Amino acid sequence: MTLNPPATSFRKPVYLDYAATTPVAPQVAAKMAECLTLEGNFANPASRSHLLGWQAEEAVENARAQVAALIGADTREIVWTSGATEANNLALKGAAEHYRTQHKMGGHIVVSAIEHKAVLDPVAWLEEQGFAVTRVQPNSFGVIELDVVQAALRDDTFLVSIMQVNNELGCINDIKAIAALCKSRGIWVHCDAAQSAGKIAVDAKELGVDLLSLSAHKFYGPKGMGALYVRRAGDVKIAAQIHGGGHERNMRSGTLATHQCVGMGEAAEIAQHNLVSDAARIADLRDALWNGISDLPNVQRNGSTTNSVSGILNVAFATDASNGCDGEALLLSLRDLAVSSGSACNSASMSPSYVLKAIGLSDAQAQASLRFSVGRYTTREEIEFAIEHIRSVVAKLKKA
């Protein structure tokens with residue numbers, strides 16, 4: 001399956017925010033369009049009394065198999081959701097509710113302090129409901145180390161939730177080692193894989209996780225679509241958070257959006273087919289971008305240069321508070337680039353990134369840091385333009 005991004009011309013602003021969202025792949029959009037109108041495969045996949053419903057169900061189940069193949073899972077382990085946020089909520093709240101039902105009390109949950117808000121906010125809510133929570137800190141590269149997790153475990157710990165790839169830094173956690181540790185203690189492991197699935201090889205069974213969240217729009221599928229992997233084992237049970245029809249084996253009710261499921265499935269198949277070639281090309285472009293700006297004064301790369309996904313580059317443009325760029329001014333001045341100062345969910349806040357603060361950056365350094373994220377359709381010409389634009393803007397701001 002060949003993917004040919006445009007080779008020459010590009011529009012401005014140049015899009016370098018692929019970690020926030022990716023454009024839907026043309027092949028995906030075409031497949032989705034076939035499931036919308038009267039002439040297409042539009043029926044309710046739960047309508048099992050006529051041929052059109054059977055055809056829609058077949059399309060949904062084929063898509064489920066495509067998503068399962070992306071993460072080495074059984075099709076019966078894939079539960080459709082509206083995105084990774086819902087998948088995270090279902091995993092965390094569903095596991096907690098099941099635990100409380102079984103034990104008649106709240107237990108202990110371990111999460112990393114730099115999880116996405118889609119994990120941190122549900123955990124904070126669970127804390128208000130009487131569950132104990134420990135938030136473990138990363139090292140200076142943003143990685144959650146095994147011994148830190150081990151030290152946080154208690155006799156009543158029933159769930160550990162650690163993301164595989166951090167959305168701001170791109171660093172990769174050793175989920176396999178963490179899961180093995182937890183399994184030896186009878187503790188479930190949930191992993192937010194929104195930033196890893198479709199970008200690096202993900203095998204849920206090899207990782208040893210019990211629950212794993214996915215988001216279609218992070219790998220060129222539609223927004224508003226995701227999935228939760230629920231390990232098919234007798235002891236792994238989660239309580240439904242949405243009721244009304246018993247869909248998805250009673251774990252998540254609601255009429256399935258055939259076109260959304262089909263879109264996620266097609267995107268998953270394309271991502272799996274192009275996993276190695278996409279990663280190599282994107283890493284080359286990311287490295288070219290960093291090499292083009294790394295000699296600017298008071299500039300540093302945040303996170304790991306080796307243990308990270310190919311597409312994310314987080315850069316601080318103020319290594320000291322007295323001789324750097326103002327973060328807000330820098331972001332506003334880079335008007336010909338679509339970049340971010342951190343997670344898209346926190347982009348309206350001018351507070352320094354809690355992720356960057358957790359790895360030791362000062363407020364000034366964190367506020368003067370930008371995340372550049374490269375993707376499948378980024379071109380060499382766009383990277384060269386971005387380098388020139390960044391250098392020009394930084395030079396002007398230094399003089400101001």
Side-chain angles (χ1 to χ4, degrees), residues 45-46 60 64 67-68 71 73-112 115-135 153-163 175 178-179 182-183 185-194 204-205 207-215 224-257 261:
V60 166
R64 196 190 303 271
V67 172
I71 62 168
D74 186 289
T75 56
R76 295 167 294 180
E77 296 174 313
I78 302 299
V79 177
W80 297 117
T81 68
S82 63
T85 295
E86 185 191 341
N88 289 335
N89 273 262
L90 176 57
L92 297 164
K93 294 177 181 177
E97 185 176 333
H98 175 73
Y99 180 88
R100 174 166 278 171
T101 300
Q102 297 296 308
H103 296 82
K104 311 303 180 186
M105 59 179 291
H108 178 237
I109 302 169
V110 175
V111 297
S112 87
E115 292 294 307
H116 192 279
K117 289 291 188 181
V119 166
L120 293 179
D121 285 356
V123 165
W125 183 85
L126 286 170
E127 199 170 25
E128 294 175 354
Q129 311 311 306
F131 290 89
V133 176
T134 298
R135 298 164 180 84
L153 300 181
R154 304 185 340 193
D155 290 341
D156 62 340
T157 305
F158 70 93
L159 181 65
V160 171
S161 181
I162 306 290
M163 65 196 337
I175 299 300
I178 293 170
C182 293
K183 185 176 182 180
R185 301 275 294 266
I187 299 167
W188 290 359
V189 174
H190 165 253
C191 177
D192 181 348
K205 287 184 171 53
L207 290 174
V209 297
D210 301 288
L211 303 159
L212 184 140
S213 301
L214 303 170
S215 175
M225 193 67 216
L228 177 66
Y229 162 84
V230 181
R231 183 168 65 86
R232 189 172 170 78
D235 63 324
V236 181
K237 297 184 184 299
I238 55 174
Q241 301 302 297
I242 298 177
H243 304 89
H247 305 76
E248 297 299 282
R249 301 181 303 284
N250 292 312
M251 282 185 274
R252 195 266 189 180
S253 292
T255 299
L256 295 175
C261 296

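Computed from a predicted model, the values in this text were never measured in an experiment. Counting from 1, the numbers follow the sequence of the chain as shown.
Residues Gly245 and Ser253 approach most closely at N-OG, 3.5 Å, considering heavy atoms. The two residues Ala227 and Val67 have their closest heavy-atom pair at CB-CG1, 4.5 Å. Across every non-hydrogen atom of Ile162 and Ser112, the tightest pair is CD1-N, 3.7 Å. Summarising the geometry of Ile238 relative to Ala95, their closest heavy-atom pair is CG2-N, 3.8 Å, with the distance given to 0.1 Å.
Arg135 has its side chain within reach of Val111: a pair of non-hydrogen atoms, C-beta onward, lies under 4.5 Å apart. Side-chain atoms of Arg185 and Thr157, non-hydrogen and from C-beta on, never get closer than 4.5 Å to each other. Counting heavy atoms from C-beta on, the side chains of Trp125 and Leu92 never come closer than 4.5 Å. Annotation: side chain of Ile78 is in contact with side chain of Ile71 (closest heavy-atom distance under 4.5 Å). With contacts defined as side-chain heavy-atom distances shorter than 4.5 Å, the pair Arg252/Glu86 qualifies.
Of the options Arg64, Lys205, Arg231, Arg249, a salt bridge (Lys or Arg N to Asp or Glu O under 4.0 Å) to Glu77 is made by Lys205 and by none of the others.
Without hydrogens or angle criteria, Ser82 side chain to Met225 main chain gives no donor-acceptor distance under 3.5 Å. When atom types are taken as modelled, the side chain of His116 and the backbone of Ala118 share a donor-acceptor pair closer than 3.5 angstrom. Using modelled atom types, one side-chain atom of Glu248 and one backbone atom of Trp80 make a donor-acceptor pair closer than 3.5 Å.
Neither side chain, Thr255 nor His247, offers a donor N or O lying under 3.5 Å from an acceptor on the other. Between the side chains of Asn88 and His190, at least one donor N or O sits under 3.5 Å from an acceptor N or O.
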Take Gln129 and Arg100 through the test side chain to side chain contact (heavy atoms under 4.5 Å, CB included) and record every step on the way to the result. CA-CA 11 Å; Gln129 311 311 306; Arg100 174 166 278 171; 4.1 Å; yes
Dump the intermediate steps for side chain to side chain contact (heavy atoms under 4.5 Å, CB included) on Val230 and Leu90, then the final yes or no. CA-CA 10 Å; Val230 181; Leu90 176 57; over 6 Å; no
Test log, rule side chain to side chain contact (heavy atoms under 4.5 Å, CB included), inputs Leu159 and Phe131: CA-CA 11 Å; Leu159 181 65; Phe131 290 89; over 6 Å; no
Set out, in order, the CA-CA distance, both residues' side-chain angles and the distance that settles side chain to side chain contact (heavy atoms under 4.5 Å, CB included) for Val189 and Leu207, then state yes or no. CA-CA 10 Å; Val189 174; Leu207 290 174; over 6 Å; no
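Interatomic distance, Ser161 OG to Asp210 CG, rounded to the nearest 0.5 Å: 11.5 Å. To the nearest 0.5 Å, atoms CH2 (Trp188) and NZ (Lys183) are separated by 14.0 Å. One finds the OG atom of Ser215 at 9.0 Å from the CG atom of Asp192 (value rounded to the nearest 0.5 Å). In this structure, the separation between CG on Leu228 and CG on Leu212 is 8.0 Å, given to the nearest 0.5 Å. Between Ile109 atom CD1 and Leu126 atom CG the span is 5.0 Å, to the nearest 0.5 Å. The NE2 atom of His108 sits 4.5 Å away from the CZ atom of Arg154 when rounded to the nearest 0.5 Å.
Every residue was checked against the salt bridge (charged side-chain N to carboxylate O under 4.0 Å, His left out) condition with Glu97, not counting sequence neighbours, and none meets it.
Under the 30°/60° scheme for interplanar angles, the aromatic rings of Phe158 and Tyr99 are found to lie parallel.
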